[in-house]
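Here the structure comes first, spelled out in structure tokens, and everything after it is commentary.
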Amino acid sequence: ESGEIEIKVSNELEEIQYLDKITLLETSHTKRYLGLSTEGQLISYNEGVTPSRAGIPSALSALSSRDELNYSFDSPGTEDKLNSIELTFDKGNLGHSAQLVIRGKQSKLLEQTAEHFFHQFGTKFPNWVDKMNDVNKEKYNQNAINQGISMNAYMKINNKWNYIGSFENVGTVAYRDICLPISLKGLGKEIVIKLESAYGFWNIDQVSITSDWTVDLETEVVAMVSAENENGEDVMARISNADENYVTQENKGTFTVLKFRPQNDENKSYILLGDGYYNHSRKYDSDINRRALSSMKRMKYSSHYMSRLIDLQNKIVAAKSQ
């Protein structure tokens, strides 16, 4: 009907999605951009300062504006060190309480690297998935930081790099605006930030620092009108509450269509929130490759090592096809 918002939540990858509660929020904000903090909190902000210098000069223009250019942590580098880029910002009139804003997404090379890793489990892959579902969240996140699956941020203070946080789990489908809180108190005229990732795992469109931001936003829940899966079945009762009564999207191409009735205010912004989880879905015929998995486990940066090799193989194949 006229005035309704229709959203299709689709399974586009080889995974099983378990959707619990999905909510559409509406909010209004006076600042230009709306994003998420690294803690998952809504944040509104105006663009601050972009880098004045970059350790990789050719990346500076790509990281200074919202455009089609991006930086992908794909400098040759070495196997024993994660890729990184140093960025220098002029502090100017920035206040003490600021946000490091990243507009970026994870890469297709990360997906390829993960697929290579999954394949080593062969027929034991479902067992590994079950085991990972029980892994402590803090331990899982720390491993992602250590391996450069997350993008890690450091600030130079008294000529030493201080870890200030990580950007994680933003997916490969669309660019996201994610904000990491930082304190500029006591710093001089320049701010030096280092971003770190495994080879080719992140695509960054823009990096900026702003002190013109707020998390003081009022939100309202938009009324859900209906929810149907790809078979036309009514799943509204299951998707309206966080009760672990999941709507399951088992195969690539399955979907749920949600309809909401907003207040018809053109000045509102809308945010879709979802509870649930997903498991990768794979069926391998090969035996588990214990030798390869053992070798990866002994490596300090196994994800970084694998992504370098896979990218090289991609380039060789592309060259041969020309």
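Fair warning: this is a prediction, and the values are worked out from it, not measured in the lab. The residues of the chain are indexed from 1 along the displayed sequence.
- Listed for the Ser107 side chain is a donor-acceptor partner under 3.5 Å among the backbone atoms of Gly200.
- Under the 6.0 Å cut-off for aromatic ring centres, Tyr277 and Tyr246 qualify, their centroids lying closer than that.
- Ion pairing of Asp80 with Lys300 is absent here, as no side-chain N (NZ or NE/NH1/NH2) approaches a carboxylate O to less than 4.0 Å.
- No donor-acceptor contact under 3.5 angstrom links the side chains of Asn11 and Gln249, judged on distance only.
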Listing, residues 85-101 side-chain donor-acceptor contacts under 3.5 Å, not counting sequence neighbours, or none:
residue : atom : partner : partner atom : Å
Lys91   : NZ   : Leu184  : O            : 3.1
Lys91   : NZ   : Leu187  : O            : 3.2

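- One side chain, Ser302 or Gln147, offers a donor N or O that lies under 3.5 Å from an acceptor on the other.
- Cluster partners of Tyr199, by chain and number: Leu109, Ile310. The rule joins Ile, Leu, Val, Met, Phe, Trp and Tyr whenever side-chain heavy atoms lie under 4.5 Å apart.
- Remark: Lys268 NZ is packed, more than 12 non-hydrogen atoms of other residues, nucleotides or ligands lying under 6.0 Å away.
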- Message: Please evaluate residues Glu190 and Arg53 with respect to the criterion salt bridge (Lys or Arg N to Asp or Glu O under 4.0 Å), reporting the C-alpha separation (whole Å), side-chain torsions for both, the decisive distance (0.1 Å), and the verdict.
- Response: CA-CA 10 Å; Glu190 292 186 332; Arg53 299 196 306 277; 3.0 Å; yes
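- Annotation: side chain to side chain donor-acceptor pair (under 3.5 Å) contacts of Ser65 (sequence neighbours excluded): Asp67.
- Side chain of Asn83 to backbone of Ser75: a donor-acceptor contact under 3.5 angstrom is found.
- Scored by the side chain to side chain contact (heavy atoms under 4.5 Å, CB included) test, Glu250 finds Ile16, Thr248 as partners (sequence neighbours excluded).
- A salt bridge links Arg282 to Glu115: at least one charged side-chain nitrogen sits closer than 4.0 Å to a carboxylate oxygen.
- In this view, Tyr45 and Arg66, Asp177 satisfy the side chain to side chain donor-acceptor pair (under 3.5 Å) rule, not counting sequence neighbours.
- Tyr71 approaches Ser84 most closely through the heavy-atom pair OH-O, 4.0 Å.
- Electrostatic pairing of Lys252 and Glu15 does not count as a salt bridge here, judged by no charged N lying under 4.0 Å from a carboxylate O.
- Side-chain contact between Val170 and Ile178 is present, with heavy atoms from C-beta onward closer than 4.5 Å.
- In this view, Ser295 satisfies the side chain to side chain donor-acceptor pair (under 3.5 Å) rule with no residue, not counting sequence neighbours.
- Among residues two or more places apart in sequence or in another chain, the side chain to side chain contact (heavy atoms under 4.5 Å, CB included) test is passed with Met236 by Met224, Ala227, Asp234, Ser240.
- Shown here are the side chain to side chain donor-acceptor pair (under 3.5 Å) partners of Gln142, two or more places apart in sequence or in another chain: Asn146.
- Not a single donor-acceptor pair under 3.5 Å links the side chain of Asn70 to the backbone N or O of Asn203.
- The heavy-atom pair separating Ser61 from Ser58 by the smallest distance is OG-O, 4.1 Å.
- The two atoms that bring Lys105 and Ala174 nearest to each other are CB-O, 3.4 Å, heavy atoms only.
- Other residues, nucleotides and ligands place more than 12 heavy atoms under 6.0 Å from the CG atom of Asn231.
- Using a 4.5 Å cut-off on side-chain heavy atoms (C-beta onward), Lys21 and Asn241 make no contact.
- For the residue pair Asn229/Thr256, the side-chain donor-acceptor check at 3.5 Å is not satisfied.
- Other members of the cluster containing Val173 do not exist, because no ILVMFWY side chain is joined to it at under 4.5 Å.
- Residue pairs meeting the side-chain hydrogen bond (donor to acceptor under 3.5 Å, both in side chains) criterion with at least one partner in residues 156-170, sequence neighbours excluded, are Asn152-Ser166, Tyr163-Ser166.
- With sequence neighbours left out, the salt bridge (charged side-chain N to carboxylate O under 4.0 Å, His left out) criterion links Glu220 to no other residue.
- Residues satisfying the ring pair (Phe, Tyr, Trp, His ring centres under 6.0 Å) test with Trp128, not counting sequence neighbours, are Phe117, Phe118, Phe121, Phe125.
- Within the 3.5 Å criterion, the main-chain N or O of Glu14 finds no donor-acceptor partner in the side chain of His280.
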